[in-house]
Amino acid sequence: MGAVTLRVGDLDAMIRYYRDGVTLDLLSHDGPVAVLGRGATPIVILEHAPELRHASPRDAGLFHTAILFDTREALATAIYSVAAKHPGTFTGSADHLVSEAFYFTDPEGNGVELYFDRDRSQWSWVHGTIEMGTLYLDPNTYLREHLTERAADAAASVTADATSRLGDAVVGHVHLSVGDIASAREFYVDRLGFETTASMGDHALFVSAGGYHHHMAMNTWNSRGAGRRGLALGLGKVEIVVPGADDLGALGERMAHHRVPTRDDGRTLAFDDPWANLVEVRSAG
């Protein structure tokens with residue numbers, strides 16, 4: 001997965017949350033657009049759009065952006081940093097068997113998951129379905145076990161410069177709120193080409209490529225029956241990265257076969273899902 005673009009009303013406040021709280025680096029800030037990530041990898045792109053209003057919580061759109069850390073120490077640092085600098089934004093945590101996850105809501109209501117993956121050798125697959133659960137995970141115990149003194153000192157710094165040296169982070173998956181699961185499956189599996197890894201009836205669907213537990217998920221928990229989105233604050237774009245140009249070309253042919261309107265500029269292929277969530281696919285090569 002590539003970066004997630006968010007349209008935001010208060011750019012400065014959102015930069016502070018993702019930089020000073022979530023511990024991402026501010027990679028660039030050019031006028032109304034700020035890019036945050038780790039190293040050279042963009043994770044969240046913030047586009048200033050103060051003229052827009054917040055969507056209804058019942059609308060389709062972003063459920064959360066899930067940021068994957070490569071060490072438990074780096075994850076614990078981010079959890080500690082958000083809790084210290086933005087108290088009240090923590091919404092829960094869970095041991096999902098494949099991962100250890102902590103959930104937050106940013107200042108404009110966008111969901112954020114910070115997580116660490118267990119080694120794939122510990123994942124359990126049954127007939128092509130990944131075993132995931134929702135077990136209790138105590139955040140205070142997690143911090144006691146994984147937050148080092150070095151990491152705590154880094155988290156207390158004014159910006160994320162010190163914390164970024166503790167490990168890498170990427171967008172691990174993107175979770176969407178959608179109107180119905182049947183349409184989500186038809187679009188993201190039958191047309192786009194993801195494989196189903198888990199499902200919860202007509203409530204939630206998890207999909208991936210390459211045997212990951214999920215690169216994307218869709219649920220109807222808050223948005224059942226939602227139609228196409230209007231222009232509003234929140235999700236602006238989901239970016240998917242495929243291995244090479246041949247994969248991008250094959251996707252273009254498949255979308256044409258299914259009569260999905262696309263925009264192709266020679267480097268990226270862009271299209272809307274059934275709820276007008278913009279998806280842009282580019283090749284890594």
Side-chain angles (χ1 to χ4, degrees), residues 1-11 14-15 17-18 22 24 26-38 40-55 59-68 106-113 169-179 183-184 187-188 191-194 207-209 214-219 223 226-242 247-248 251-252 255 260-284:
M1 301 300 293
V4 171
T5 298
L6 301 175
R7 301 188 191 99
V8 305
D10 188 335
L11 182 59
M14 292 289 275
I15 289 174
Y17 185 83
Y18 285 96
V22 179
L24 301 182
L26 182 60
L27 304 183
S28 67
H29 185 185
D30 185 10
V33 179
V35 180
L36 296 103
R38 280 285 177 89
T41 303
I43 293 176
V44 177
I45 299 173
L46 305 176
E47 294 183 348
H48 195 208
E51 72 282 2
L52 299 181
R53 296 184 177 183
H54 291 283
D59 287 346
L62 182 69
F63 189 70
H64 63 235
T65 301
I67 301 173
L68 172 63
D106 76 17
E108 298 199 359
N110 301 293
V112 182
E113 176 184 340
V170 297
V171 174
H173 63 270
V174 177
H175 198 145
L176 301 177
S177 294
V178 300
S183 297
F187 186 84
Y188 283 99
R191 299 183 181 187
L192 187 49
F194 278 117
V207 303
S208 82
H214 66 293
H215 286 111
M216 295 193 72
M218 307 90 202
N219 76 66
S223 55
R228 291 178 65 83
R229 300 172 59 210
L231 191 61
L233 295 174
L235 181 63
K237 182 174 64 179
V238 174
E239 185 180 70
I240 297 172
V241 183
V242 295
D247 302 286
L248 193 63
L251 174 60
M255 299 305 262
V260 177
T262 61
R263 285 85 73 193
D264 186 350
D265 65 4
R267 301 183 306 276
T268 61
L269 191 69
F271 42 84
D272 293 336
D273 78 0
W275 300 275
N277 295 306
L278 175 60
V279 179
E280 185 175 279
V281 185
R282 64 174 175 84
S283 68

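A donor-acceptor pair under 3.5 Å is absent between the side-chain atoms of Arg282 and the main chain of Gly2, judged by distance alone. The main-chain N or O of Val178 is found under 3.5 Å from a side-chain atom of Ser223 such that the two form a donor-acceptor pair. With His29 contributing its side chain and Gly31 its backbone, the two residues share a donor-acceptor pair below 3.5 Å.
In terms of heavy-atom proximity, Asp59 sits nearest to Ala226 at C-CB, 4.2 Å. When all heavy atoms of Ala3 and Pro42 are compared, the closest pair comes out as CB-O, 3.8 Å. Of all heavy-atom pairs between Gly227 and Ala60, the closest is O-CB, 4.2 Å. Scanning all heavy atoms of the two residues, the minimum distance from Ala209 to Phe194 falls at N-CD2, 3.9 Å. The shortest non-hydrogen separation linking Ile15 to Leu36 is O-CD2, 4.1 Å. Shortest non-hydrogen contact noted between Leu11 and Ala34 is CD1-CB, 4.2 Å.
Of the candidates Val279, Leu248, Val242, Leu248 is the only one forming a side chain to side chain contact (heavy atoms under 4.5 Å, CB included) with Leu269.
Here the straight-line distance linking atom CZ of Phe271 with atom CZ of Arg191 works out to 11.0 Å at 0.5 Å rounding. The structure places CG of Leu6 at 5.5 Å from OG1 of Thr65, a figure rounded to the nearest 0.5 Å. The distance from atom CG of Leu233 to atom CZ of Arg7, rounded to the nearest 0.5 Å, is 8.5 Å. For the atom pair CG of Leu68 and CD of Glu113, the computed distance is 9.0 Å after rounding to the nearest 0.5 Å. Between Tyr18 atom OH and Leu46 atom CG the span is 7.0 Å, to the nearest 0.5 Å. Taking CG from Asn277 and CG from Leu62, the interatomic distance works out to 8.5 Å, rounded to the nearest 0.5 Å.
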_As a quick check of understanding, evaluate side chain to side chain contact (heavy atoms under 4.5 Å, CB included) for Asp272 and Arg263, giving each step before the final call._
CA-CA 10 Å; Asp272 293 336; Arg263 285 85 73 193; 3.6 Å; yes
_Apply side chain to side chain contact (heavy atoms under 4.5 Å, CB included) to residues Met14 and Val44 and explain how you reach the verdict._
CA-CA 10 Å; Met14 292 289 275; Val44 177; over 6 Å; no
*asked:* I'd like to know whether Val238 forms a side chain to side chain contact (heavy atoms under 4.5 Å, CB included) with Met1, so could you lay out the CA-CA distance, the side-chain angles of the two residues, the decisive distance to 0.1 Å, and finally the verdict.
replied: CA-CA 8 Å; Val238 174; Met1 301 300 293; 3.8 Å; yes
_Thr262 vs Leu251, test: side chain to side chain contact (heavy atoms under 4.5 Å, CB included). Steps then yes/no._
CA-CA 10 Å; Thr262 61; Leu251 174 60; over 6 Å; no
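Salt bridge absent: Arg229 and Asp273 never bring a charged side-chain N and a carboxylate O closer than 4.0 Å.
With sequence neighbours excluded, no residue forms a salt bridge (charged side-chain N to carboxylate O under 4.0 Å, His left out) with Asp264. Under the side-chain hydrogen bond (donor to acceptor under 3.5 Å, both in side chains) criterion, Glu108 pairs with no residue, sequence neighbours left out. Residues passing the ring pair (Phe, Tyr, Trp, His ring centres under 6.0 Å) test with His48, sequence neighbours excluded: none.
Note on ring orientation: taking the six-membered ring where Trp is involved, the planes of His214 and His173 are tilted (angle from 30° to 60°).
Annotation: side chain of Thr268 is not in contact with side chain of Glu239 (no heavy-atom distance under 4.5 Å). Side-chain contact between Leu235 and Leu176 is present, with at least one heavy-atom pair separated by less than 4.5 Å. Contact check for Met216 versus Ile240: side-chain heavy atoms found under the 4.5 Å cut-off. Trp275 is not listed as a side-chain neighbour of Ser177, based on a closest heavy-atom distance of 4.5 Å or more.
For Asp30, the CG atom is loosely surrounded, since the number of other residues' heavy atoms within 6.0 Å does not exceed 12. Atom CZ of Arg53 is surrounded by 12 or fewer heavy atoms from other residues, nucleotides or ligands within 6.0 Å.
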